[in-house]
Amino acid sequence: MATTYQLKIVTPERTLFEGPVTYIIVRSTEGEIGILAHHMQLITPLVPHIITVYPENGKTEQFTIGGGFLEVGDTTTVVLADSAERASEIDVARAEKARQRALETIGKAEPNIDLIRAKRALARAENRLKLAGHPTAMTH
């Protein structure tokens with residue numbers, strides 16, 4: 001049996017996941033990171049992506065997050081996410097509208113456009129659609 005550690009995925013509103021896991025895969029600003037038990041302590045910012053969690057029970061779970069931070073401690077790892085959802089919670093129509101708005105904003109050549117914010121919104125929407133199994137072209 002693989003060694004486990006406690007994982008918590010939390011947002012400002014709720015705890016989305018809490019329990020023993022053997023492994024998780026997250027994406028930081030530096031790239032993908034796999035966390036096993038006894039990983040060195042670490043705090044790193046996370047970008048919008050889909051987290052893959054391997055719980056002790058063996059049933060892989062995925063969550064989409066809108067960015068945040070990862071804190072790896074001695075016995076507990078915490079994902080403090082700006083927002084997080086399970087596939088079953090995703091409103092596909094709302095995510096598709098958010099994706100379209102972000103693409104329209106990015107396509108405008110206006111100097112006052114916050115391009116970084118628009119690209120983050122696009123990444124969040126596309127990750128939601130991907131996790132929900134909705135066929136959509138990934139544009140970035």
Side-chain angles (χ1 to χ4, degrees):
M1 180 176 220
T3 305
T4 63
Y5 61 95
Q6 284 297 118
L7 173 67
K8 288 177 74 171
I9 300 175
V10 297
T11 70
E13 293 83 29
R14 66 185 175 148
T15 299
L16 191 64
F17 179 92
E18 186 171 9
V21 299
T22 57
Y23 185 55
I24 66 169
I25 300 172
V26 297
R27 188 171 304 132
S28 77
T29 54
E30 301 299 315
E32 280 195 348
I33 303 172
I35 307 293
L36 291 164
H38 311 295
H39 193 283
M40 69 177 199
Q41 292 185 359
L42 170 72
I43 296 176
T44 188
L46 299 174
V47 298
H49 71 287
I50 296 173
I51 295 176
T52 303
V53 176
Y54 298 88
E56 182 179 40
N57 67 15
K59 187 177 179 186
T60 303
E61 295 187 53
Q62 291 188 308
F63 306 88
T64 181
I65 69 163
F69 287 89
L70 171 73
E71 180 182 4
V72 178
D74 287 334
T75 59
T76 302
T77 294
V78 177
V79 173
L80 179 56
D82 300 335
S83 62
E85 296 170 283
R86 288 182 161 86
S88 61
E89 300 171 330
I90 295 171
D91 180 338
V92 173
R94 182 173 168 237
E96 185 59 45
K97 287 178 186 175
R99 179 178 177 273
Q100 289 303 320
R101 277 193 311 273
L103 286 171
E104 288 170 11
T105 300
I106 290 168
K108 294 178 182 176
E110 297 177 18
N112 295 334
I113 298 280
D114 186 345
L115 196 55
I116 293 170
R117 184 174 175 191
K119 286 183 178 181
R120 277 184 61 101
L122 178 60
R124 284 191 307 270
E126 288 185 339
N127 282 324
R128 284 183 176 116
L129 291 167
K130 181 178 177 184
L131 185 61
H134 189 269
T136 186
M138 298 296 276
T139 59
H140 68 285

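Keep in mind that what you see is a predicted model, and the values were worked out from it rather than measured. Each residue takes its place number in the sequence, starting with 1.
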*Mind checking what makes ring pair (Phe, Tyr, Trp, His ring centres under 6.0 Å) contact with Tyr5, not counting sequence neighbours?*
none

What donor-acceptor contacts under 3.5 angstrom involve side-chain atoms of residues 34-45, with partners at least two apart or in another chain?
residue: Gln41; atom: NE2; partner: Asp74; partner atom: OD1; Å: 2.7
residue: Gln41; atom: NE2; partner: Asp74; partner atom: OD2; Å: 3.4

*Honestly curious: do Leu70 and Phe63 fall in one hydrophobic cluster under the side-chain, below-4.5 Å linking rule?*
yes

_Trace of the side chain to side chain donor-acceptor pair (under 3.5 Å) decision for Glu96 with Gln100_ = CA-CA 6 Å; Glu96 185 59 45; Gln100 289 303 320; 3.0 Å; yes

*Cluster link Ile51 to Val21, ILVMFWY, side chain under 4.5 Å*: yes

*asked:* Could you measure the distance from the CD1 atom of Ile25 to the CD1 atom of Ile50? Nearest 0.5 Å is fine.
replied: 12.0 Å

*Measure the shortest side-chain to side-chain distance between Val26 and His49 over non-hydrogen atoms and say whether it is less than 4.5 angstrom.*
yes

_salt bridge (charged side-chain N to carboxylate O under 4.0 Å, His left out) partners for Glu32, two or more places apart_ = Arg27

_Under the salt bridge (charged side-chain N to carboxylate O under 4.0 Å, His left out) test, residues paired with Glu71 that sit two or more places apart_ = none

*If you look only at pairs with a residue in residues 57-70, which of them pass as a side chain to side chain donor-acceptor pair (under 3.5 Å), with sequence neighbours excluded?*
Thr52-Gln62

Could you pull out all donor-acceptor pairs under 3.5 Å where a side-chain atom in residues 10-17 meets a protein atom, sequence neighbours excluded?
residue: Thr11; atom: OG1; partner: Glu13; partner atom: N; Å: 3.1
residue: Thr11; atom: OG1; partner: Glu13; partner atom: OE1; Å: 3.4
residue: Thr11; atom: OG1; partner: Arg14; partner atom: N; Å: 3.1
residue: Thr11; atom: OG1; partner: Arg14; partner atom: O; Å: 3.4
residue: Arg14; atom: NH1; partner: Glu89; partner atom: OE2; Å: 2.9
residue: Arg14; atom: NH2; partner: Ala84; partner atom: O; Å: 3.1
residue: Arg14; atom: NH2; partner: Glu89; partner atom: OE1; Å: 2.8
residue: Arg14; atom: NH2; partner: Glu89; partner atom: OE2; Å: 3.4

*Taking the side chain from Thr22 and the backbone from Tyr54, do they hold a donor-acceptor pair closer than 3.5 Å?*
yes

*Looking at CD1 of Ile65 and CD1 of Ile9, how far apart are the two atoms once the value is rounded to the nearest 0.5 Å?*
8.0 Å

